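The analysis underlying the following values was restricted to heavy atoms, covering all of them including side chains, and did not include hydrogens, waters or symmetry mates. Keep in mind that this is a model prediction, so the values were computed, not measured.
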Amino acid sequence: MALAVFFGCTFVAFGPALSLFILTIAVDPLKVIILVAGSFFWLVSVLLSSLIWFISVQISNKNDANLQYGLLIFGAAVSVLLQETFRYAYYRLLKKADEGLATISEDGRSPISIQQMAYVSGFSFGIISGVFSVINILADAIGPGIVGVHGDSQYYFLTSAFLTMAIVFLHTFWGIVFFAACEKRKPLHIIGVVLSHLVASGLTFLNPMYEASLIPIYIITLGMALWAFVAAGGNYQNIRKCLACAR
């Protein structure tokens with residue numbers, strides 16, 4: 001049973017991401033490099049936010065439970081802000097790299113578009129974020145023990161898996177919208193990405209009331225998917241052409 005839960009939750013959390021990686025990223029070495037570099041940027045942002053949270057805990061009153069909970073929320077907010085700051089730094093780096101690739105190419109064009117860079121960089125943030133958020137949970141799923149024996153929710157592993165899948169997609173959509181906003185110089189769109197990231201992160205504090213956190217997060221995911229589609233240049237005509245090709 002434990003192995004079934006482990007593999008089931010693993011495929012729920014990372015199955016769609018694995019499919020996207022195989023079909024859209026693994027075939028292009030340049031995209032793989034962007035993916036690895038983006039994961040490194042995310043790791044550095046989390047390292048810095050963890051350091052800030054750790055220092056704040058050490059200098060505070062550890063016996064004050066309310067204060068410690070407040071510091072946890074503070075740490076999550078700092079982490080979101082640092083992730084978005086490093087997303088912008090990565091955008092600037094990729095922009096410079098794109099100009100360099102265009103300079104050395106024979107036809108004067110970059111071999112990869114800024115929209116593709118946005119997608120891969122957002123995906124890299126999402127996949128490494130998902131791995132770090134659920135890896136310990138999946139390790140516990142192997143056992144020993146059974147969830148719910150002491151009155152806890154029996155859906156802990158499953159909801160964590162669905163939450164991880166949403167986070168992977170959210171980061172991908174945030175990356176697309178963020179890069180498009182930087183390209184078109186739309187600061188309000190950047191603020192929208194940051195705010196939606198803060199809201200999605202804050203909703204996780206409602207757990208274990210999973211229906212109060214998971215449903216709104218998936219609503220945000222759907223909204224960001226539509227926003228990313230439009231930001232990437234999508235429209236109704238594109239959908240019709242796609243459906244026509246599928247037939």
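In this structure, the side chains of Leu94 and Ser121 come closer than 4.5 Å at one or more pairs of heavy atoms. Looking at Val78 and Ser49, their side chains come closer than 4.5 Å, going by heavy atoms from C-beta outward. The shortest distance between side-chain heavy atoms of Tyr218 and Phe162 falls below 4.5 Å. The shortest distance between side-chain heavy atoms of Met224 and Ser196 falls below 4.5 Å. Annotation: side chain of Trp53 is in contact with side chain of Leu72 (closest heavy-atom distance under 4.5 Å). The shortest side-chain heavy-atom distance between Phe173 and Leu226 does not fall under the 4.5 Å cut-off. Using a 4.5 Å heavy-atom threshold, the side chains of Thr159 and Leu163 count as separate. The shortest distance between side-chain heavy atoms of Gln115 and Glu183 does not fall below 4.5 Å.
Leu23 and Phe14 fall into different hydrophobic clusters, where Ile, Leu, Val, Met, Phe, Trp and Tyr residues are linked whenever their side-chain heavy atoms come under 4.5 Å apart, directly or through other members. At a threshold of 4.5 Å between side-chain heavy atoms, the hydrophobic network of Ile, Leu, Val, Met, Phe, Trp and Tyr places Tyr88 and Ile190 in one connected group. When the side chains of ILVMFWY residues are joined at heavy-atom separations under 4.5 Å, either directly or via intervening members, Val131 and Ile142 end up in a single hydrophobic cluster. Hydrophobic clustering, with ILVMFWY side chains joined whenever heavy atoms are under 4.5 angstrom apart, groups Ile217 together with Phe132. Residues Leu222 and Val193 are members of separate hydrophobic clusters, defined by side-chain heavy-atom contacts under 4.5 angstrom among Ile, Leu, Val, Met, Phe, Trp and Tyr.
How far CZ of Phe7 is from CG of Leu138: 10.5 Å, rounded to the nearest 0.5 Å. Atom OG in Ser160 sits 7.5 Å away from atom CG in Asn207 (nearest 0.5 Å). Annotation: the span from Ile219 atom CD1 to Leu203 atom CG amounts to 10.0 Å, rounded to 0.5 Å. Once rounded to the nearest 0.5 Å, the distance linking OG of Ser201 with CG of Leu81 reads 10.0 Å. For the atom pair CG of Leu214 and CE of Met209, the computed distance is 13.0 Å after rounding to the nearest 0.5 Å. To the nearest 0.5 Å, atom OG1 of residue Thr10 and atom CD1 of residue Ile137 are 11.0 Å apart.
Gly130 approaches Val168 most closely through the heavy-atom pair CA-CG2, 4.4 Å. Across all their heavy atoms, Pro16 and Met165 have their closest contact at CG-SD, 3.5 Å. Between Ala161 and Val12, the shortest heavy-atom distance links the atoms CB-CG1, 3.8 Å.
Here the side chain of Gln116 pairs a donor or acceptor atom with the backbone of Ser113 at under 3.5 angstrom. Judged purely by atom type and a 3.5 angstrom limit, Ser79 has no side-chain atom pairing as donor or acceptor with the backbone of Gly75. Between the Tyr155 side chain and the Tyr210 main chain, no donor and acceptor come within less than 3.5 Å of each other. At distances below 3.5 Å, not a single donor-acceptor pair connects side-chain atoms of Asp64 with backbone N or O atoms of Asn61.
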Step-by-step side chain to side chain contact (heavy atoms under 4.5 Å, CB included) determination, Ser60 to Leu71: CA-CA 9 Å; Ser60 64; Leu71 288 176; 3.3 Å; yes
From CA spacing to verdict: side chain to side chain contact (heavy atoms under 4.5 Å, CB included), Phe125, Thr172: CA-CA 7 Å; Phe125 273 50; Thr172 304; over 6 Å; no
Residue pair Leu20, Phe169: steps toward the side chain to side chain contact (heavy atoms under 4.5 Å, CB included) verdict: CA-CA 10 Å; Leu20 287 174; Phe169 281 123; 3.8 Å; yes
Stepwise side chain to side chain contact (heavy atoms under 4.5 Å, CB included) test for Ile127 and Phe21: CA-CA 10 Å; Ile127 198 68; Phe21 173 77; over 6 Å; no
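Other residues, nucleotides and ligands place no more than 12 heavy atoms under 6.0 Å from the CZ atom of Phe54.
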Listed pairs under 3.5 Å, donor-acceptor, residues 26-48 side chains, sequence neighbours left out:
from  : atom 1 : to    : atom 2 : distance (Å)
Asp28 : OD1    : Leu30 : N      : 3.0
Lys31 : NZ     : Thr24 : O      : 3.2
Ser39 : OG     : Leu35 : O      : 3.0
Trp42 : NE1    : Gln83 : OE1    : 3.0
Ser45 : OG     : Trp42 : O      : 2.6

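The ring pair (Phe, Tyr, Trp, His ring centres under 6.0 Å) analysis of residues 176-203, with sequence neighbours excluded, yields the pairs Tyr91-Phe179, His171-His197, Trp174-His197, His189-Trp227.
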